[in-house]
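Order of the sequence lines fixes the chain letters, A, B, ..., with proteins taken first and strands second; residue numbering starts at 1 for each chain. What's counted below: heavy atoms across the whole structure, side chains too, no hydrogens, waters or symmetry copies.
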Amino acid sequence: MTIENENNTNFIKEIIKKDLNSGANDGRVATRFPPEPNGFLHIGHAKSICLNFGLAEEFKGLCNLRFDDTNPTREETKYVEAIKEDVRWLGFDWEDRLYFASDYFDQLYEFALHLVNSGKAYVDDLSADEIREYRGTLTEPGQDSPYRERTVDENLDLFERMRAGEFADGSHVLRAKIDMAHPNMVMRDPTIYRIRRAHHHRTGDKWCIYPMYDFTHCLSDAIEGITHSVCTLEFENNRALYDWFIENVNTKHTPHQYEFARLELTHTLMSKRKLLKLVEDGIVVGWDDPRLPTIAGIRRRGYPPEAMRTLAERVGVAKKRDTMVEYGFLEHAVRENLNLTANRVMAVLDPLKLVIENYPEDKSETFEIVNNPEDESAGSRQVPFSREVYIERGDFMEEPPRKFFRLSPGREVRLRGAYLVTCESVVKDPDTGEVVELRCKYDPESRGGDAPDGRKVKGTLHWVSASHAVEAEVRLYDHLFLRENMNDIPEGSEFTDFLNPDSLTVVKNSKLEPSVANASAGDRFQFLRHGYFCVDSEDSEPNKLVFNRTVSLRDSWGKGRK
RNA sequence: UGGGGCGUCGUCAAGUGGUAAGACACCAGCCUUUGGAGCUGGCAUUCCCAGGUUCGAAUCCUGGCGCCCCAGCCA
């Protein structure tokens, strides 16, 4: 795997280098990946994971895995397990640094008390609707709540009673006392605690008040001694509040927030809401559908984690918004990895029988074929050959156009690793005229694929001996959406309007060489001349193999012809 | 008519006053027992626009233009 080492910098790395040089944070670098356990991770999260763990790795620091679980109504333990699996799969290790914001609820409560005591937070009795009205608009300042000037003692009493469960959900909130006329809406006395009687996946029913993200995140960072808190661009406005809390609460560490552009890919979507709809409406088979950009999906699709890390490194980290990385960029990283690591195998997806008339009926022999021309250590395997083989229907044309190098009447081609064969005649279905069989002649002198007289052929075809073939189901995947930019669809249209009707093609009776018979879930192969495939982890069984196409091979012949 | 950000090749993206990296894509050629892979070459006289400063500007200044984010008791 090649990872570019030259010029692989970005603005966050530059900030860290500067901090290291100036001796900030005692020379420590600490980052964290902070998902909310309320759904499945996708490729966008993978970029963040690679960035945070990668930064720690590069600068000899540490990266924590922290679940941001401050909203009990949305979070579930099953998601924390799924997320842990995804991070591990990507190749990162948080060691003993697995944290939960909910672990800090007691500490956070103390911090809130500190704000109340210093006159910087107050309990507000306004309803959610009233608070919104008092907040003002983007261009008009807000108004102070009538409860804003309560005394410290009164606020203390009220806040403690909020915690004690004396008030109904929604009746009170604790707010930071900042500035209702602040030009940054985030700073107009933001809510820091709300009353919510909901069962928390970890703290159970211990609490009926829960801290808000803005209050929790920066202080959790401070508690953990995070130095560089990296998040996505939509939190830029929240940075002022992040800093306000750090300044107004006594914390030992003073973390800083930096924002980068999230990863978006063409022909797909990262929106949790839309992905959920695809799952719920049965448009895809589940969160791990190989067409989905979820980590579970790409894992099942067969994308190697190394390729995802390479992608994250190559797309870089910047602040430019609305960037769309071409899907082909990802596919390139996947092919690059698989080319080096996947063993080659022959698979005929659309079989056409080829009978070698001058090959003895009862004869069969095996050929030793190299497993991976890119990797000598991958060795070789024995592939059986006999009088009747299957070739790809698309590898034969009765009336070949110019530049068609494959088989046609009278033409000689190579059966990869076996013999040179010449098409003598074509057998057709008398009713439909469909070609059902090719009658050929082979050159016994060309064993292995080369003729002793040195004559060359233009085409080399993959093949599978008919009597030895293993049947399998092969699932061919394509873009989920026809439209490139799914973040910007025409007014009046629904995102589902752009679904690709051919995002999945199931090939039921493909013929594979027998060496794959014992393949197990997740095994990856290159089906010669087709692409990279893996054994499906859900539906494949020992006697009923199912393969997923991870990505096709580049095809300069097929390109532009379909 | 508020505040915060961003505008460099079709797509990502370096560049931080010294004369436009790299990758993907694309094009051409070589090579090839995968029309795969690989190899070679090509691909921004110009950095949203207009002025200005300077010997010299993508980088500094001024003024425009365009796009994105923010009015959850979500994160």
Contacts to RNA chain B from residues 166-180 of chain A, heavy-atom cutoff under 4.0 Å, which residues?
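Result for residues 166-180 of chain A: A:Gly170, A:Val173, sorted by number.
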For RNA chain B, find the residues of residues 372-383 of chain A with a heavy-atom distance under 4.0 Å and give them by number; none if there aren't any.
A:Pro373, A:Glu374
Calculate the interatomic distance between [X] atom [atom1] and [N] atom [atom2]; express it in whole Å.
X        : N     : atom1 : atom2 : result
A:Asn8   : B:G15 : CG    : C1'   : 15 Å
A:Glu331 : B:G36 : CD    : P     : 16 Å
A:His462 : B:G35 : NE2   : P     : 10 Å
A:Arg416 : B:U32 : CZ    : C1'   : 10 Å
A:Asp450 : B:U34 : CG    : P     : 11 Å
A:Leu330 : B:A25 : CG    : P     : 12 Å
A:Leu407 : B:G35 : CG    : P     : 14 Å
A:Asp68  : B:A75 : CG    : P     : 8 Å

Please tell me if [X] has a side-chain N or O lying less than 4.0 Å from either OP1 or OP2 of [N].
X        : N     : result
A:Thr73  : B:C74 : no
A:His332 : B:C24 : yes
A:Arg135 : B:C70 : no
A:Thr191 : B:G72 : no
A:Arg194 : B:A75 : yes
A:Arg554 : B:U34 : no

Under the salt bridge (charged side-chain N to carboxylate O under 4.0 Å, His left out) test, residues paired with A:Lys274 that sit two or more places apart:
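Applying salt bridge (charged side-chain N to carboxylate O under 4.0 Å, His left out) to A:Lys274 gives none.
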Test of understanding: with salt bridge (charged side-chain N to carboxylate O under 4.0 Å, His left out), list the residues that count as partners of A:Asp375, not counting sequence neighbours.
none
If you look only at pairs with a residue in residues 65-74 of chain A, which of them pass as a salt bridge (charged side-chain N to carboxylate O under 4.0 Å, His left out), with sequence neighbours excluded?
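Residue pairs with at least one partner in residues 65-74 of chain A: A:Glu36-A:Arg74, A:Arg66-A:Asp221, A:Arg66-A:Glu224.
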For A:Pro183 and A:Arg196, take the nucleotide of RNA chain B holding the closest heavy atom to each; which residue's nucleotide lies nearer the 5' end?
A:Pro183
Name the residue closer to the 5' end of RNA chain B, choosing between A:Gly449 and A:Thr137 according to the nucleotide with the nearest heavy atom.
A:Gly449
Charged tip of A:Arg163 within 45° of A:Tyr109 ring normal and under 6.0 Å
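Relative to the ring axis of A:Tyr109, which defines the angle, A:Arg163 lies inside both limits.
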Distance to the ring centre below 6.0 angstrom and angle to the axis at most 45 degrees; does that hold for A:Arg32 and A:Tyr99?
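No, A:Arg32 does not sit over the ring of A:Tyr99.
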May I ask which nucleotide in the shown strands pairs with [N], Watson-Crick or G-U wobble, both distances under 3.5 Å?
N     : result
B:C74 : none
B:C6  : B:G66
B:A14 : none
B:U1  : none

Please classify the nucleic acid contact of [X] as base, sugar-phosphate, or nothing, using heavy-atom distances under 4.0 Å.
X        : value
A:Leu126 : base
A:Phe404 : base
A:Asn237 : base
A:Arg344 : base
A:Leu233 : nothing
A:Leu415 : nothing
A:Arg132 : sugar-phosphate
A:Glu14  : nothing
A:Tyr210 : nothing

Gap in Å between the two [atom1] atoms, one belonging to [N] and one to [M], rounded:
N     : M     : atom1 : result
B:C60 : B:U16 : P     : 11 Å
B:G63 : B:U1  : P     : 16 Å
B:U45 : B:A57 : C1'   : 15 Å
B:U8  : B:C49 : C1'   : 15 Å
B:U59 : B:U54 : C1'   : 13 Å
B:C68 : B:C73 : C1'   : 27 Å
B:A44 : B:C12 : C1'   : 15 Å
B:A75 : B:G35 : C1'   : 50 Å

Syn/anti state for B:G22 [syn: chi within 90° of 0]:
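Base orientation relative to the sugar is anti.
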Could you tell me how the ring of [X] sits relative to the ring of [Y]: parallel (under 30°), tilted (30 to 60°) or perpendicular (over 60°)?
X        : Y        : value
A:Tyr327 : A:Tyr303 : tilted
A:Phe235 : A:Tyr213 : tilted
A:Phe100 : A:Phe67  : parallel
A:Tyr258 : A:His256 : tilted

Heavy-atom check, side chain of [X] versus side chain of [Y], under 4.5 Å:
X        : Y        : result
A:Val345 : A:Phe533 : no
A:His217 : A:Ser229 : yes
A:Phe385 : A:Arg447 : no
A:Phe329 : A:Leu311 : yes
A:Phe40  : A:Tyr79  : yes

What's the shortest heavy-atom distance between A:Val80 and A:Pro37, and which atoms?
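Nearest pair, atom of A:Val80 first, then A:Pro37: CG1-CB, 3.6 Å.
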Any donor-acceptor pair, under 3.5 Å, between the side chain of A:Arg406 and the base of B:G35, if you only look at N and O atoms?
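Check passes, donor-acceptor contact within cut-off.
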If only atom types and distance count, is the side chain of A:Arg381 paired as donor or acceptor with the main-chain N or O of A:Arg344 below 3.5 Å?
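Present.
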Per-pair stack call A:Trp557 and B:G35, 5.5 Å, 30°
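Yes; by the centre-distance and plane-angle rule, A:Trp557 counts as stacking on B:G35.
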Reading nucleotides 8-13 of chain B from the 5' end, what letters show protein touch, with B for base, S for backbone sugar-phosphate only, - for no heavy atom under 4.0 Å?
S-BSSS
